[in-house]
Number of protein chains: 2
Amino acid sequence: MVTAHHAPGETRPGGRTARTRQAVLAAVFEELGDGGYAALSMERIAQRSGIHLATLYRRWRCIEGMVCELLADLSADVLLPDTGSLPGDLRALSHAIGAFYGDARRRSLIEAVVSAAARDPEAEAVLREFFDARLTLAGRMVVRAVERGELPADTDPKEVMSALGAPFYYRILIARRPVDAALAESAATAVWAAARAGAYARPDGAPAKGAGEG
Amino acid sequence: MVTAHHAPGETRPGGRTARTRQAVLAAVFEELGDGGYAALSMERIAQRSGIHLATLYRRWRCIEGMVCELLADLSADVLLPDTGSLPGDLRALSHAIGAFYGDARRRSLIEAVVSAAARDPEAEAVLREFFDARLTLAGRMVVRAVERGELPADTDPKEVMSALGAPFYYRILIARRPVDAALAESAATAVWAAARAGAYARPDGAPAKGAGEG
DNA sequence: GGATTAACGCGAACTTGCTCGCGTTAACCA
DNA sequence: TGGTTAACGCGAGCAAGTTCGCGTTAATCC
């Protein structure tokens, strides 16, 4: 019996594997820059990244998987603002989102992910869970505001954060125009006014809960 | 010279052509019902409609064209409410939108159209113009409200209507959950509060204009 | 360093989606 | 009613995109 060096069947995350991963995701991102999702093809990604076509299919199966992974990668380093007041937090986050989607490649990425989710159940699950986690996280901002007495106790944090994001995705996916600071400002102002008016109150009037809703 | 019966090169919109068109669009809509956009393929549409594959490609070139045409078809008969007050109009329209997207096939159709727009420039133009026209039309509701003095004079009608629609498309495309009456109610309440707070004021403070913005 | 084996490169084979040419059907008009 | 021809049905042919088998490279551990 050959004492296995590192449990045969295990993956090798380091070195070359990580390099190809980076090369491919970078290539996808750049490809989104010229031509958007329309011009995205396995062949072009292979050429741009210098990674062989067969390798791409082996690791990601299809483009859907790539764009999902890229989204998670790019969104990793986004911090929650904490200015001390909800309107301040909303403005800060809204402008952060606006700046993020100011880049056409990121807008194309969102298009790509939504398209992927529409066709591939696996991609759909990734997308859903990704945004759910993000809403839960950002919802803390609202929880703090409720604790400070800025909003009604029955305000649903996730609904508030959905409402903050919605105008951006409408702009990108439906109106199909660039995202600018004016949109960010409008979104923050609108959500703050709507939340104070009780538009995001839970139907059953349950009090706002913390992040862990397990 | 043969006196042309109906200008050679002309199309023949009646009879068989109209029938196949109806059969195909109906088949697309039904296909969206079982399996959504993922299961949509030219071959399946051909089988379900009983129209030959080559005919589909000749008339629509690709699936993108079909879903765009279907969207225009389905949305043709949507009326603007006129209850006498903006909050009333907003609630009515919001619930109409909610009812429209209560059907999973229509949600799948929107996914399909957005996916189509992401890949095909022609489909993108169709989508953009379609929603732009719709916003302009619905904006009349806001123009009336401004004239009644319910909203500031510098309110941008299209921005208000965008804000009303945004939560639905966020729910469908990003959150990927069904649309319900609670969402419709929330959207209407939110937009009304936000509009009164001046969230949709034009940056330059120009007064609200009519539908024709030339 | 040396042995083991994931991960990769390469090209051929395969599958799928799409197009083309031709004969047939049925709108449209006189 | 009959002539003209757009629109359709049909199957073969073409061009993508995708998979497979095998040899090579380079992580990983001893």
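Remember, it's a predicted structure, so these values are computed and weren't measured experimentally. Chain A is the first sequence line, chain B the second, and so forth, proteins listed ahead of strands; every chain is numbered from 1.
On a pure distance criterion of 3.5 Å, a polar donor-acceptor pair joins the side chain of B:Arg16 and the base of D:dA7.
A heavy-atom distance below 4.0 Å to DNA chain C is reached by these residues of residues 53-64 of chain B, ordered by number: B:Ala54, B:Tyr57, B:Arg58. Looking at residues 24-42 of chain A, you'll see that no heavy atom sits under 4.0 Å from any atom of DNA chain C.
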**Message:** Please determine whether ring-ring contact (aromatic ring centres under 6.0 Å, His included) holds for the pair B:Tyr101 and B:Tyr169, giving the CA-CA distance in whole Å, both sets of side-chain angles, and the decisive distance to 0.1 Å.
**Reply:** CA-CA 10 Å; B:Tyr101 288 122; B:Tyr169 297 100; 5.5 Å; yes

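A 4.5 Å side-chain heavy-atom check between A:Tyr37 and A:Leu109 finds every atom pair outside the cut-off.
Going from atom CZ of B:Arg105 over to atom CG of B:Leu70 covers 10.0 Å, rounded to the nearest 0.5 Å. Taken from CG in B:Asp34 to CG in B:Leu32, the straight-line distance is 9.0 Å, to the nearest 0.5 Å.
Distance CD (B:Gln47) to C1' (C:dT16): 14 Å, rounded to an integer number of Å. Rounded to a whole Å, the CD1 atom of B:Ile45 is 16 Å from the C1' atom of C:dT16. Atoms CE (A:Met66) and P (D:dT18) sit 10 Å apart, rounded to a whole Å. B:Ile51 places its CD1 atom 12 Å from the P atom of C:dA26, with the value rounded to the nearest Å. In this structure, A:Arg119 places its CZ atom 12 Å from P of C:dG17, rounding to the nearest Å. One atom, CD of A:Glu43, and another, P of C:dG11, lie 13 Å apart when rounded to the nearest Å. Atom-to-atom, NE2 of B:His52 to P of D:dA12 comes out at 11 Å; the value is rounded to the nearest Å.
One N or O on the side chain of A:Thr136 and one on the backbone of A:Asp132 form a donor-acceptor pair closer than 3.5 Å. Remark: side-chain polar atoms of B:Arg107 are paired, donor with acceptor, to backbone N or O of B:Gly102 under 3.5 angstrom. Under a 3.5 Å cut-off, the side chain of B:Ser94 and the backbone N or O of B:Glu185 do not form any donor-acceptor pair. B:Ser186 contributes no side-chain N or O that, together with a main-chain N or O of A:Tyr200, makes up a donor-acceptor pair within less than 3.5 Å.
Within the structure, a side-chain polar atom (N or O) of A:Arg19 is placed less than 4.0 Å from OP1 or OP2 of D:dA27. Within the 4.0 Å cut-off from OP1 or OP2 of C:dC8, at least one side-chain nitrogen or oxygen of A:Thr20 is found.
One finds a salt bridge joining B:Asp120 and B:Arg61 here, because a Lys/Arg side-chain nitrogen approaches an Asp/Glu carboxylate oxygen to under 4.0 Å.
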